[in-house]
Amino acid sequence: MHDAWLERWQQGHTGWHESAGNRNLKKYWRANGKRVLVPMCGKTPDMLWLEEQGNEVVGVELSEIAAQAFFDEHGLKYERSNGALVEYRAMERRITLHCGDYFKFRDAGFDAQYDRGALVALPANTRPRYAQHTSSLLASNAEQFVITVEYDQAVCEGPPFSVGASEIHNYWPRLNRVAAIDDIENAPPKFLEAGLDVMHEVVWRTS
Ligand SMILES: C[S@@+](CC[C@H](N)C(=O)[O-])C[C@H]1O[C@@H](n2cnc3c(N)ncnc32)[C@H](O)[C@@H]1O
């Protein structure tokens, strides 16, 4: 599974990437002055936006290609250092990316989480482990902001996988469904080719 993601980065097959960032993050995010965990962050510019809102941002990503691209594309100077995971620390911004397997990432006390494209990137048998590991990194009263997609998986298969309300409430009972927007125009081409005509992007948030 790791090899498949690393290969996508090597070949530039990163169709999930939103170069202008996520519109629903900007519309619904309310937590500022936090230390925000961004699991499986890719090179999303959402990390810059979150930092600009007064947060410290810590991303975790398998691919060093993604981390380097994030810093280079935004003209950010960084220091790279080896540890259990390879660390990329911005010199002038409060952003750090850790490169390696998220399940090996250890830290504690994050008081916010931003997930877009992480939970839904994982198959059903891996998602409980992801949720459990994420919870172990978060303070008990952490603000959580999770974006999922919902569509008919009988028509086509993920990733991104459709993750419904009961599954989310199983992992994180404090999350509320605050928005569901039809996002079929941004669905992967394979979904459109299979005939899918509705895909909701759903925003889950604590409080
Ligand atoms: C669908 S992309 C989403 C990236 C980003 N969140 C975004 O919205 O653009 C999923 C990302 O998770 C990364 N990834 C997959 N498995 C991982 C793991 N075990 N540890 C860390 N990153 C992982 C992949 O390399 C990929 O960049």
Side-chain angles (χ1 to χ4, degrees), residues 1-29 36-51 55 57-74 83-88 95-107 110 112-137 144-151 156-163 181 183 186-191 199-204:
M1 197 63 210
H2 288 185
D3 287 350
W5 287 110
L6 293 171
E7 213 172 287
R8 285 186 191 196
W9 279 106
Q10 264 156 15
Q11 297 176 351
H13 294 160
T14 55
W16 64 77
H17 178 68
E18 297 179 306
S19 54
N22 186 274
R23 60 188 163 153
N24 287 318
L25 171 70
K26 296 181 182 84
K27 198 161 170 194
Y28 295 104
W29 178 269
V36 186
L37 172 67
V38 187
M40 305 185 184
C41 59
K43 59 170 187 172
T44 176
D46 292 338
M47 293 188 282
L48 271 182
W49 186 85
L50 286 166
E51 198 258 4
N55 298 294
V57 176
V58 176
V60 186
E61 167 55 46
L62 208 49
S63 168
E64 284 198 54
I65 294 175
Q68 280 164 9
F70 172 77
F71 288 102
D72 291 347
E73 288 172 14
H74 300 287
L85 277 71
V86 179
E87 185 181 288
Y88 286 75
I95 303 177
T96 306
L97 267 55
H98 296 269
C99 283
D101 183 4
Y102 179 60
F103 295 100
K104 293 192 177 142
F105 176 66
R106 303 272 178 268
D107 199 336
F110 287 97
Q113 168 207 7
Y114 172 54
D115 174 330
R116 183 260 168 192
L119 181 68
V120 298
L122 301 172
N125 60 359
T126 312
R127 292 198 292 267
R129 186 171 166 228
Y130 168 83
Q132 197 178 32
H133 183 59
T134 300
S135 297
S136 78
L137 300 169
Q144 290 179 265
F145 189 104
V146 179
I147 298 178
T148 59
V149 289
E150 293 179 5
Y151 62 89
C156 49
E157 269 291 310
F161 297 98
S162 185
V163 178
I181 296 110
D183 197 31
N186 295 313
K190 65 176 178 181
F191 284 14
M199 181 186 87
H200 285 101
E201 181 167 275
V202 181
V203 180
W204 295 91

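Each ligand, and each atom within it, is numbered from 1 in the order the structure gives.
Ring pair Trp16/Trp5 is perpendicular by interplanar angle, where above 60° counts as perpendicular and below 30° as parallel. By the 30° and 60° cut-offs, the orientation of the rings of Tyr130 relative to Phe103 is perpendicular.
Under a 4.0 angstrom heavy-atom cut-off, Cys41 registers as being in contact with ligand 1.
The closest heavy-atom contact to atom 16 (N) of ligand 1, among the options Trp16, Trp5, Phe103, Trp9, comes from Trp5. Residue nearest to atom 14 (N) of ligand 1, selected from Arg116, Met40, Glu18: Met40 (by heavy-atom distance).
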(request) Start with the C-alpha gap between Phe105 and Val58, add the side-chain angles, then the distance that decides, and say whether side-chain contact (heavy atoms from CB on, under 4.5 Å) holds. (result) CA-CA 11 Å; Phe105 176 66; Val58 176; 4.1 Å; yes
(request) Given side-chain contact (heavy atoms from CB on, under 4.5 Å), test Ile147 with Tyr28 step by step and report yes or no. (result) CA-CA 11 Å; Ile147 298 178; Tyr28 295 104; over 6 Å; no
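Considering only non-hydrogen protein atoms, atom 22 (N) of ligand 1 sits nearest to Leu62 N, 3.1 Å. The shortest contact between atom 25 (O) of ligand 1 and any protein heavy atom is with Glu61 OE2, 2.6 Å. Considering only non-hydrogen protein atoms, atom 19 (N) of ligand 1 sits nearest to Asp101 OD1, 2.9 Å.
When the side-chain contact (heavy atoms from CB on, under 4.5 Å) test is applied to Pro159, the partners found at least two apart in sequence or on another chain are Arg8, Phe161, Lys190.
Contacts of Pro160 with ligand 1, taken as heavy-atom pairs under 4.0 Å, are absent altogether. Here Tyr102 has heavy atoms under 4.0 Å from ligand 1 in both its backbone and its side chain. With a heavy-atom cut-off of 4.0 Å, His2 touches ligand 1 through its side chain alone.
Polar contact check, Gly117 against ligand 1: no nitrogen or oxygen pair lies under 3.5 Å apart. By the 3.5 Å distance cut-off applied to N or O atoms, Thr44 is not counted among the residues near ligand 1. The shortest N/O to N/O separation between His17 and ligand 1 does not fall below 3.5 Å.
Heavy-atom proximity to Gly100, at under 4.0 Å, picks out these atoms of ligand 1: 20 (N), 21 (C).
Note that CD of Glu51 and CD1 of Ile95 are 4.5 Å apart. Values are rounded to the nearest 0.5 Å.
For Lys104, the NZ atom sits in a loose shell: 12 or fewer heavy atoms of surrounding residues, nucleotides or ligands are nearer than 6.0 Å. Annotation: Gln132, atom CD; neighbour count of heavy atoms from other residues, nucleotides and ligands within 6.0 Å does not exceed 12.
By the 4.0 Å N-to-carboxylate-O rule, Arg23 lies close enough to Asp183 to be salt-bridged with it.
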